[in-house]
Amino acid sequence: MQFLKGSKLYSIFTSTCPVCHKGDMYIENNPYKVMKIMKMHEHCSHCGKKFKIEPSFFFGAMYVSYAVGVAIAVAAFIIAYFFIGLDRNYAFLSIIISLAVLFPVIVRVSRNIWINLFVDYDKSAAETNNVNE
């Protein structure tokens with residue numbers, strides 16, 4: 001994943017700070033620990049960036065979550081119906097199973113995408129440790 005370092009995709013896929021790509025955004029890295037799925041650090045441990053930019057900032061991630069869910073549902077249907085050759089009812093069942101299994105990942109990825117829409121990578125923040133200054 002190092003080849004993506006410096007791009008928004010790196011921060012989205014690794015759940016790291018969108019500014020420095022070094023600090024973790026979430027307290028628990030495993031999204032399948034459902035009780036801690038939404039628990040985030042207040043600030044980046046490396047550069048000090050505040051993740052919750054304003055109250056209710058991540059409500060916008062619901063729209064991104066909807067789009068990601070639709071993309072996964074369409075992909076699951078196409079794979080099940082056209083490539084595997086399942087009956088239409090089983091193809092729809094594969095959509096439900098896919099969304100249920102991937103729900104924690106969808107929540108995290110949509111939050112990562114949302115914050116990366118508003119915050120850009122800063123190479124100088126990645127090189128210096130602003131928290132310890």
Side-chain angles (χ1 to χ4, degrees):
M1 222 15 109
Q2 288 297 326
F3 65 94
L4 290 175
K5 192 121 182 167
S7 71
K8 291 186 180 286
L9 289 176
Y10 182 83
S11 176
I12 290 168
F13 291 136
T14 59
S15 297
T16 55
C17 174
V19 175
C20 67
H21 291 186
K22 293 198 176 187
D24 289 328
M25 285 179 49
Y26 300 98
I27 293 172
E28 177 61 49
N29 287 331
N30 184 357
Y32 288 98
K33 292 191 177 176
V34 182
M35 297 303 287
K36 297 181 181 180
I37 192 171
M38 303 286 231
K39 304 247 188 233
M40 296 180 70
H41 295 287
E42 288 292 321
H43 300 276
C44 175
S45 61
H46 183 78
C47 69
K49 172 67 180 166
K50 185 176 181 182
F51 293 132
K52 295 176 184 174
I53 298 170
E54 61 186 36
S56 305
F57 172 72
F58 286 106
F59 280 170
M62 291 186 299
Y63 299 107
V64 177
S65 176
Y66 178 76
V68 171
V70 167
I72 290 172
V74 169
F77 180 79
I78 289 172
I79 291 169
Y81 189 73
F82 292 110
F83 291 119
I84 298 175
L86 294 178
D87 181 61
R88 189 174 12 165
N89 292 333
Y90 288 113
F92 282 115
L93 183 63
S94 71
I95 291 172
I96 294 168
I97 292 169
S98 298
L99 291 176
V101 168
L102 293 175
F103 172 74
V105 175
I106 292 170
V107 169
R108 289 269 177 102
V109 167
S110 63
R111 281 180 157 228
N112 296 346
I113 291 171
W114 186 251
I115 195 168
N116 273 281
L117 290 175
F118 298 99
V119 180
D120 292 324
Y121 176 71
D122 183 9
K123 190 173 184 176
S124 64
E127 292 170 355
T128 60
N129 192 348
N130 295 335
V131 173
N132 293 333
E133 293 182 71

Which heavy atom of K50 sits nearest to which heavy atom of K52, and what is that distance? CE-O, 3.2 Å
CG (N112) and CG (L9) are apart, to the nearest 0.5 Å, by 11.5 Å
What residues, two or more places apart in sequence or in another chain, satisfy ring-ring contact (aromatic ring centres under 6.0 Å, His included) together with Y10? H21
Could you grab the distance from atom CD1 of I27 to atom CG of N29, nearest 0.5 Å is fine? 10.5 Å
How close do K8 and D120 get, counting heavy atoms only, and between which atoms? NZ-OD1, 2.8 Å
Going from NZ on K33 to NZ on K39, what distance comes out if it is rounded to the nearest 0.5 angstrom? 14.0 Å
Does Y26 offer a backbone N or O that forms a donor-acceptor pair with the side chain of D24 under 3.5 Å? no
Could you go through the side-chain contact (heavy atoms from CB on, under 4.5 Å) check for M25 and R111 one step at a time? CA-CA 10 Å; M25 285 179 49; R111 281 180 157 228; 5.5 Å; no
Could you identify which residues cluster with F103, counting Ile, Leu, Val, Met, Phe, Trp and Tyr as linked when any side-chain heavy atoms lie under 4.5 Å apart, either directly or through a chain of such contacts? I37, M38, V107
OG/S15 to CE/M40 distance, rounded to the nearest 0.5 angstrom? 8.5 Å
Please check if L99 and I96 belong to a single hydrophobic cluster, counting links between Ile, Leu, Val, Met, Phe, Trp and Tyr side chain heavy atoms closer than 4.5 Å. no
Where C20 and Y121 come nearest, the two heavy atoms and their spacing: O-CE1, 3.9 Å
Mind listing the closest non-hydrogen atom pair of H46 and G23 along with its distance? CB-N, 4.2 Å
Between I53 and V119, is there a side-chain heavy-atom distance shorter than 4.5 Å? yes
Grab the two heavy atoms, one from H41 and one from F51, that are nearest each other, plus how far apart they are. O-CD1, 3.2 Å
Are any side-chain N or O atoms of K22 and backbone N or O atoms of E127, one a donor and one an acceptor, separated by less than 3.5 Å? no
Residue pair V105, Y32: steps toward the side-chain contact (heavy atoms from CB on, under 4.5 Å) verdict: CA-CA 8 Å; V105 175; Y32 288 98; 3.5 Å; yes
Distance-only, no hydrogens or angles: does the K49 side chain make a donor-acceptor pair with backbone N or O of V19 under 3.5 Å? no
I want to check something: taking the side chain as every heavy atom from C-beta on, are S110 and F58 in contact at a cut-off of under 4.5 Å? no
Euclidean distance, D122 CG relative to T128 OG1, rounded to 0.5 Å: 8.0 Å
Show the atom names and distances, to 0.1 Å, of all donor-acceptor pairs under 3.5 Å that link a side chain in residues 59-88 to residues at least two apart or in another chain.
unit_1: D87; atom_1: OD2; unit_2: N89; atom_2: N; d: 3.3

Would you say V109 and F118 are hydrophobically clustered, going by side-chain heavy atoms of ILVMFWY under 4.5 Å? yes
Mind checking whether W114 and F57 have parallel, tilted or perpendicular rings, split at 30° and 60°? tilted
For C44 and C17, the nearest pair of non-hydrogen atoms, with its separation, is SG-CB, 3.6 Å
